[in-house]
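All values reported here derive from a predicted model rather than from experimental measurement.
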Amino acid sequence: MKMSITNDIGLGLMRLMWVGALAALIVFGLYACNFGPGQWFRLSGDPGDWGGLGDYVGGLLNPLFSFLAFIGVIITVILQSRQLDLVREQANFEEIQRVLSNISSRIDGLLALAPTTSTEQHKPESALKSMFEIISALGTWALNNPRPSPDVAGYGRWVVIDENMGRQRQAVHGELTTIGLELEALAWTLGRYAAAGGSEMVVDFYKYRYCPILTWMDAIGLLEDSNQIQEVFKPKEMRRFMVADPDI
């Protein structure tokens with residue numbers, strides 16, 4: 001980016017130099033064509049002739065060169081201003097990327113932590129050791145077991161399991177809320193990054209990275225009120241990739 005601006009400055013000044021050289025060639029060419037043939041293009045020894053040439057050249061080229069120099073200064077100032085704007089923009093992008101990286105690290109750390117409230121009483125046969133495992137278990141069940149009609153066979157068993165899942169979710173409500181807030185911050189920052197013209201590759205990276213967690217948390221009803229997450233990550237559209245039956 002910086003190199004591009006430098007090249008633009010060099011190219012602009014080079015063009016001005018060519019304009020000046022061409023103007024000088026035209027001025028001297030006209031003088032030679034007008035006075036040279038009668039003198040067989042010989043150099044005069046009369047100081048008055050040289051003075052006349054100096055007045056002629058100076059009167060035509062000095063204003064032109066002054067104007068070109070002024071244009072050159074303007075071009076340099078404009079391009080340097082653009083360079084400063086691009087440097088500030090790049091610095092903003094880098095700062096946003098650092099913020100995204102910090103938020104991502106916090107989310108990963110929260111997902112790796114064991115819940116502060118034991119969930120063994122809610123799932124004694126398999127104590128889940130991390131928030132990621134808990135969210136995965138709750139979300140996978142919610143995605144693949146939509147609420148059936150009361151008159152469908154197996155509805156009672158579904159109610160029992162659903163109540164157990166609800167108690168387990170309530171046991172880690174604090175941790176889930178904290179993770180949800182961090183995901184909200186991630187969505188907000190990504191939205192600002194994209195709006196400022198940030199790389200789509202960076203946005204897609206975070207979308208794909210947190211696709212499972214966002215889909216599971218949305219399936220168990222934790223992201224319904226987060227308009228920012230729904231707008232940026234669109235977890236409901238990702239559900240078809242996370243369920244056993246694509247038609248669900």
**Request:** Before giving the answer on salt bridge (charged side-chain N to carboxylate O under 4.0 Å, His left out), spell out for D218 and K234 the whole-Å C-alpha distance, their side-chain angles and the decisive distance to 0.1 Å.
**Result:** CA-CA 10 Å; D218 186 64; K234 298 179 174 56; over 6 Å; no
**Message:** D108 vs R209, test: side-chain contact (heavy atoms from CB on, under 4.5 Å). Steps then yes/no.
**Reply:** CA-CA 11 Å; D108 293 344; R209 181 173 186 178; 2.4 Å; yes
**Asked** Would E224 and K236 satisfy side-chain contact (heavy atoms from CB on, under 4.5 Å), going step by step from the backbone distance to the final call?
**Response** CA-CA 10 Å; E224 293 296 334; K236 289 179 173 54; 3.2 Å; yes
**Request:** Let me see the working for L113 and E175 under side-chain contact (heavy atoms from CB on, under 4.5 Å), right down to the final yes or no.
**Result:** CA-CA 9 Å; L113 289 176; E175 290 89 340; over 6 Å; no
**Request:** Could you give me the CA-CA distance, side-chain angles and deciding distance for L143 and W216, then say whether side-chain contact (heavy atoms from CB on, under 4.5 Å) is met?
**Result:** CA-CA 7 Å; L143 285 172; W216 289 329; 3.7 Å; yes
Residues 193-204, side-chain donor-acceptor partners within the protein, below 3.5 Å, at least two apart:
from, atom 1, to, atom 2, distance (Å)
Y193, OH, Q97, NE2, 3.2
Y193, OH, S199, N, 3.1
S199, OG, M201, N, 3.2

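Of the possible polar contacts, one joining the T215 side chain to the C211 backbone as a donor-acceptor pair under 3.5 Å is found. In this structure a side-chain-to-backbone donor-acceptor pair under 3.5 Å is missing from S81 to V77. Judged by distance alone, the side chain of N145 and the main-chain N or O of W141 form a donor-acceptor pair under 3.5 Å. Side-chain N or O atoms of E182 include none that pairs as donor or acceptor with a backbone N or O of S104 at under 3.5 Å.
No chain of hydrophobic side-chain contacts below 4.5 Å, direct or via other Ile, Leu, Val, Met, Phe, Trp or Tyr residues, connects L84 to F93. Cluster membership check: F132 shares its hydrophobic cluster with I103, using side-chain heavy-atom separations under 4.5 Å among Ile, Leu, Val, Met, Phe, Trp and Tyr. One hydrophobic cluster, built from ILVMFWY side chains closer than 4.5 Å, cannot hold both L222 and W188; they sit in different ones. L181 and L186 fall into different hydrophobic clusters, where Ile, Leu, Val, Met, Phe, Trp and Tyr side chains are chained together by heavy-atom contacts under 4.5 Å.
Interatomic distance, Q230 CD to E237 CD, rounded to the nearest 0.5 Å: 9.5 Å. Atoms CG and OG, on L111 and S130 in that order, are 8.0 Å from each other to the nearest 0.5 Å. To the nearest 0.5 Å, atoms OG1 (T189) and CD (Q228) are separated by 8.5 Å. The structure places CG of L110 at 6.5 Å from OG1 of T178, a figure rounded to the nearest 0.5 Å. Here the CG atom belonging to L214 is positioned 5.0 Å from the CE atom belonging to M238, to the nearest 0.5 angstrom.
Residues V87 and Q90 have side chains not in contact (no heavy-atom distance under 4.5 Å, counting atoms from C-beta outward).
Smallest separation of non-hydrogen atoms from I134 and P115: CD1-CG, 3.5 Å. Here the closest heavy-atom approach between residue F233 and residue L183 is recorded as CE1-O, 4.3 Å. The shortest heavy-atom contact between L176 and M217 is O-CE, 3.7 Å. Closest of all the heavy-atom pairs between A142 and I220 is CB-CG2, 3.8 Å.
In terms of the salt bridge (charged side-chain N to carboxylate O under 4.0 Å, His left out) criterion, E231 has no residue partners (sequence neighbours excluded).
Between D85 and R88 there is a salt bridge, since at least one side-chain N of the basic residue sits less than 4.0 Å from a carboxylate O of the acidic one.
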